[in-house]
Number of protein chains: 2
Amino acid sequence: MKELDIGKVARWSGLPASTLRYYEEKGLIHSIGRNGLKRVFAESVLQRLSLIALGRTAGFSLDAIAEMLAAEGGPAIDREQLERKAEQLDHTIRRLSAIRDGLRHAALCPADNHLSCPTFQRLMSMASKQMGRKRSAAPERA
Amino acid sequence: MKELDIGKVARWSGLPASTLRYYEEKGLIHSIGRNGLKRVFAESVLQRLSLIALGRTAGFSLDAIAEMLAAEGGPAIDREQLERKAEQLDHTIRRLSAIRDGLRHAALCPADNHLSCPTFQRLMSMASKQMGRKRSAAPERA
DNA sequence: GCTTGACCTCAAGTCGACTTTAACTGGCAG
DNA sequence: CTGCCAGTTAAAGTCGACTTGAGGTCAAGC
């Protein structure tokens with residue numbers, strides 16, 4: 001099993017060492033031991049970091065990601081929760097798609113005020129569909 | 001032209017008044033005047049707030065949104081920039097889609113460790129494709 | 001005339017996610 | 001032995017996006 005010091009992990013993951021320490025402190029990753037003072041990581045930490053980066057991209061908080069990663073190894077994954085998150089993501093994707101189309105349209109449409117362009121408006125209203133954002137979606141700190 | 005006080009804007013937009021004041025301070029919205037001390041908003045501020053919410057969903061910072069909104073009314077929209085943003089969003093969407101599929105697969109797949117499941121791995125590697133930190137899109141942030 | 005409620009300002013506080021700083025350790029090169 | 005380099009810690013600082021708090025204004029209602 002290949003062992004990496006923090007510098008290698010940093011270089012390969014693209015994350016600064018400080019972030020790796022921070023993630024370890026938060027329990028998102030674990031070092032497999034020490035060599036003197038120095039942390040030693042298993043190669044597999046890179047995959048875990050990928051998953052974390054992915055989760056961040058998807059908009060999850062570090063805490064939410066920690067939960068999911070914990071569930072992942074654990075005795076029972078909450079399949080229902082995963083499906084809920086998948087569905088949430090699905091909504092997000094649809095909204096982002098509408099926004100993307102909106103931007104693209106804005107880049108082409110000659111109307112000088114997009115707010116009054118019907119195509120733009122249609123896309124935006126498609127994207128909106130509920131705009132009071134209170135904590136309700138991603139983490140469900142349960 | 002209908003005029004709204006901050007309370008109505010708050011109720012209709014779902015945002016607290018403090019946020020509306022903050023947005024005004026940042027130049028994202030404007031009140032059309034004052035009634036005594038009290039801000040008076042045009043009804044159109046609601047649409048603007050929708051766009052702002054949309055932008056937030058798409059992962060843009062308030063500053064970036066302010067820029068885009070400024071460009072919107074201005075003399076020339078940077079079409080190239082819009083197209084770039086659209087393309088960025090497109091990548092994000094693809095990655096989110098892979099993540100969604102990954103989650104959904106994880107919810108169904110009987111393997112007890114998804115990290116070793118080839119289907120899961122394929123989806124995740126599809127989602128990754130570059131993992132340097134750079135925030136992009138968030139679902140209803142938690 | 002006094003209270004209540006919705007609004008105001010300005011300053012300070014909070015939260016998440018890091019980054020920076022200062023002081024220290026331990027290995028290896030010259 | 002001396003320096004340097006990569007690593008270590010704990011604590012403080014930063015940044016974006018708000019929220020909260022203290023203290024004030026004003027119209028309406030009892």
Side-chain angles (χ1 to χ4, degrees), chain A residues 3-41 45 49 52-69 131-141, chain B residues 3-41 45 49 52-67 69 131-142:
Chain A
E3 303 190 338
L4 311 174
D5 64 13
I6 206 175
K8 283 198 172 73
V9 177
R11 274 187 297 282
W12 290 115
S13 69
L15 297 167
S18 63
T19 300
L20 297 174
R21 290 193 203 98
Y22 175 69
Y23 280 4
E24 190 186 23
E25 192 177 284
K26 286 229 109 186
L28 277 93
I29 59 177
H30 305 285
S31 47
I32 195 77
R34 294 284 177 129
N35 175 7
L37 289 178
K38 308 185 175 187
R39 285 166 183 79
V40 178
F41 292 98
V45 82
L49 286 170
I52 293 169
L54 236 40
R56 299 283 298 117
T57 300
F60 297 115
S61 70
L62 293 184
D63 286 357
I65 293 169
E67 264 180 57
M68 294 197 277
L69 289 179
M131 75 182 242
R133 54 147 229 14
K134 245 330 192 209
R135 51 210 78 262
S136 68
E140 330 224 359
R141 45 205 61 240
Chain B
E3 303 190 340
L4 311 173
D5 65 13
I6 206 175
K8 282 197 172 74
V9 177
R11 273 188 297 282
W12 295 17
S13 69
L15 297 168
S18 63
T19 300
L20 298 174
R21 289 192 205 99
Y22 175 69
Y23 279 5
E24 190 186 23
E25 192 176 286
K26 286 228 106 184
L28 277 94
I29 59 177
H30 305 286
S31 45
I32 194 80
R34 294 284 176 129
N35 175 8
L37 289 177
K38 308 186 174 184
R39 284 166 183 80
V40 177
F41 291 100
V45 80
L49 286 170
I52 293 169
L54 236 40
R56 300 281 300 114
T57 300
F60 297 115
S61 71
L62 294 184
D63 286 358
I65 293 171
E67 265 179 57
L69 289 179
M131 73 184 245
R133 27 97 265 129
K134 180 61 177 153
R135 221 90 295 130
S136 50
E140 320 277 312
R141 290 146 317 147

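Naming convention: chains lettered A, B, ... in sequence-line order (proteins, then strands); numbering from 1 in each chain.
Regarding B:Asp5, its CG atom lies at a distance of 15 Å from the C1' atom of D:dA28, rounded to whole Å. At whole-Å resolution of the value, CD1 in B:Ile29 and C1' in D:dA17 are 14 Å apart. Rounded to whole Å, atom P of D:dT14 lies 17 Å from atom OH of A:Tyr22. Taking atom NZ of A:Lys8 as the reference point, atom C1' of D:dC5 lies 14 Å away to the nearest angstrom. Remark: P of D:dA6 and CD1 of A:Ile6 are 13 Å apart, rounded to the nearest angstrom. Residue A:Phe60 contributes atom CZ, which lies 17 Å from atom P of C:dG16 at whole-angstrom precision. The interatomic distance linking B:Glu25 (CD) with D:dA17 (P) rounds to 13 Å, in whole Å. A:Asn35 has its CG atom 16 Å from the P atom of D:dA6, to the nearest Å.
One finds no side-chain N or O of B:Arg11 lying less than 4.0 angstrom from the OP1 or OP2 phosphate oxygen of C:dA6. The phosphate of C:dC18 (OP1 or OP2) has a side-chain N or O of A:Tyr23 nearer than 4.0 angstrom. An OP1 or OP2 oxygen of C:dA17 is reached within less than 4.0 angstrom by no side-chain nitrogen or oxygen of A:Thr19. Proximity of B:Ser18 to the phosphate of D:dT19: a side-chain N or O atom is located under 4.0 Å from OP1 or OP2.
Here the side chains of A:Tyr23 and A:Leu62 are in contact, with some heavy-atom distance below 4.5 Å.
Proximity note for B:Arg34 (side chain, C-beta onward) versus D:dT20, C:dC8, D:dA17: the nearest is C:dC8. When the nucleotides C:dA17, D:dG7, D:dA17 are ranked by their closest atom to the side chain of B:Leu62, D:dA17 comes out on top. Comparing D:dA17, D:dT9, D:dT25 against the side chain of A:Arg39 picks out D:dT9 as the nearest. Which of C:dA6, C:dA17, D:dT8 sits closest to the side chain of B:Lys38 comes down to C:dA6. Listed nucleotides C:dT20, C:dC8, D:dG7 differ in distance to B:Arg21; the shortest reach to its side chain belongs to C:dC8. Comparing atom distances between the A:Arg56 side chain and each of C:dC18, C:dT19, D:dA17 picks out C:dC18 as nearest.
Scanning all heavy atoms of the two residues, the minimum distance from A:Ser13 to A:Leu20 falls at OG-CD2, 4.4 Å. Residues B:Ala10 and B:Ala17 approach most closely at CB-N, 4.2 Å, considering heavy atoms. Summarising the geometry of A:Ile65 relative to A:Arg56, their closest heavy-atom pair is CD1-N, 3.7 Å, with the distance given to 0.1 Å.
Across all strands shown, B:Gly7 has heavy atoms under 4.0 Å from sugar-phosphate atoms exclusively, and none from any base.
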Tell me which donor-acceptor pairs under 3.5 Å the side chains of residues 26-39 of chain A have, and how far apart each pair is, sequence neighbours excluded?
unit_1, atom_1, unit_2, atom_2, d
A:Lys26, NZ, A:Asp63, OD1, 3.0
A:Ser31, OG, A:Glu24, OE2, 2.4
A:Arg34, NH1, A:Leu37, O, 2.4
A:Arg39, NE, A:Glu24, OE1, 2.5

